[in-house]
Structure formats: C-alpha cells, structure tokens
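This report concerns only the one structure given below.
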Amino acid sequence: MRWVHTAIIVLFVAATLIFLVQNREIVSMDFLGLSVRAPLAVIAACFYVLGAITGGSAYALLRRSVQSARAPTAS
C-alpha cells in the first residue's frame with residue numbers, strides 16, 4: 001500500500017510541476033476593488049492554500065462539535 005501512496009504523490013507532484021511550467025503568464029485578478037497581477041500558478045497556489053486552511057478549520061470545528069455531542073453530561 002505504501003507504493004500506491006508514493007505513486008499518487010509522485011503523480012501529483014509531476015502534475016503540479018507541469019502546471020507551473022505551462023502557466024507562467026501574468027494574469028490580473030480583481031476582487032472587492034483589490035487588483036492583483038501575478039502568474040496564474042501563483043494565484044492558483046494561493047487559493048489552494050486558502051482552501052486547505054478553510055477546509056481544515058471546518059473539519060476541526062465539525063470534529064469538536066461531534067465529540068462534545070457524544071460526551072456524557074455530568075449531573
């Protein structure tokens with residue numbers, strides 16, 4: 001099973017590197033009056049990290065609420 005996980009990681013890293021090489025052109029992004037000009041790969045990476053942080057926080061909040069709901073109440 002370790003080889004399957006390693007193969008998946010290698011494929012993901014290869015796809016990421018191909019994406020970085022093919023998307024070096026500068027793009028502009030406007031959001032709420034804020035304008036940013038950066039390579040497409042950089043903008044995509046920033047949104048990926050923000051999504052990972054948001055998803056991790058939502059998962060932790062959900063896990064904590066489920067654990068507290070299962071905990072016996074002391075009377």
Side-chain angles (χ1 to χ4, degrees):
M1 195 63 167
R2 181 183 300 171
W3 292 108
V4 172
H5 289 252
T6 303
I8 291 171
I9 290 170
V10 168
L11 289 173
F12 182 73
V13 168
T16 302
L17 290 174
I18 292 168
F19 179 80
L20 288 172
V21 169
Q22 290 183 346
N23 292 289
R24 293 181 302 189
E25 64 271 0
I26 302 293
V27 296
S28 63
M29 182 192 70
D30 299 317
F31 182 70
L32 296 176
L34 200 68
S35 181
V36 176
R37 289 183 46 84
L40 177 61
V42 171
I43 291 175
C46 289
F47 278 104
Y48 176 81
V49 170
L50 287 173
I53 291 169
T54 303
S57 298
Y59 177 73
L61 179 65
L62 181 63
R63 185 179 64 200
R64 180 175 290 194
S65 66
V66 167
Q67 286 176 349
S68 64
R70 287 185 180 173
T73 56
S75 299

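- Hydrophobic clustering, with ILVMFWY side chains joined whenever heavy atoms are under 4.5 angstrom apart, groups Phe47 together with Val27.
- Hydrophobic clustering (side-chain heavy atoms under 4.5 Å, transitive across Ile, Leu, Val, Met, Phe, Trp, Tyr) groups Ile9 together with Leu17.
- For the pair Ile26/Pro39, a side-chain contact is recorded, criterion being any heavy-atom separation below 4.5 Å from C-beta on.
- Taken together through direct or relayed side-chain contacts under 4.5 Å among Ile, Leu, Val, Met, Phe, Trp and Tyr, Val42 and Val13 form parts of separate hydrophobic clusters.
- The structure places SG of Cys46 at 7.0 Å from CG of Leu50, a figure rounded to the nearest 0.5 Å.
- Leu40 and Met29 fall within a single hydrophobic cluster, where Ile, Leu, Val, Met, Phe, Trp and Tyr side chains are chained together by heavy-atom contacts under 4.5 Å.
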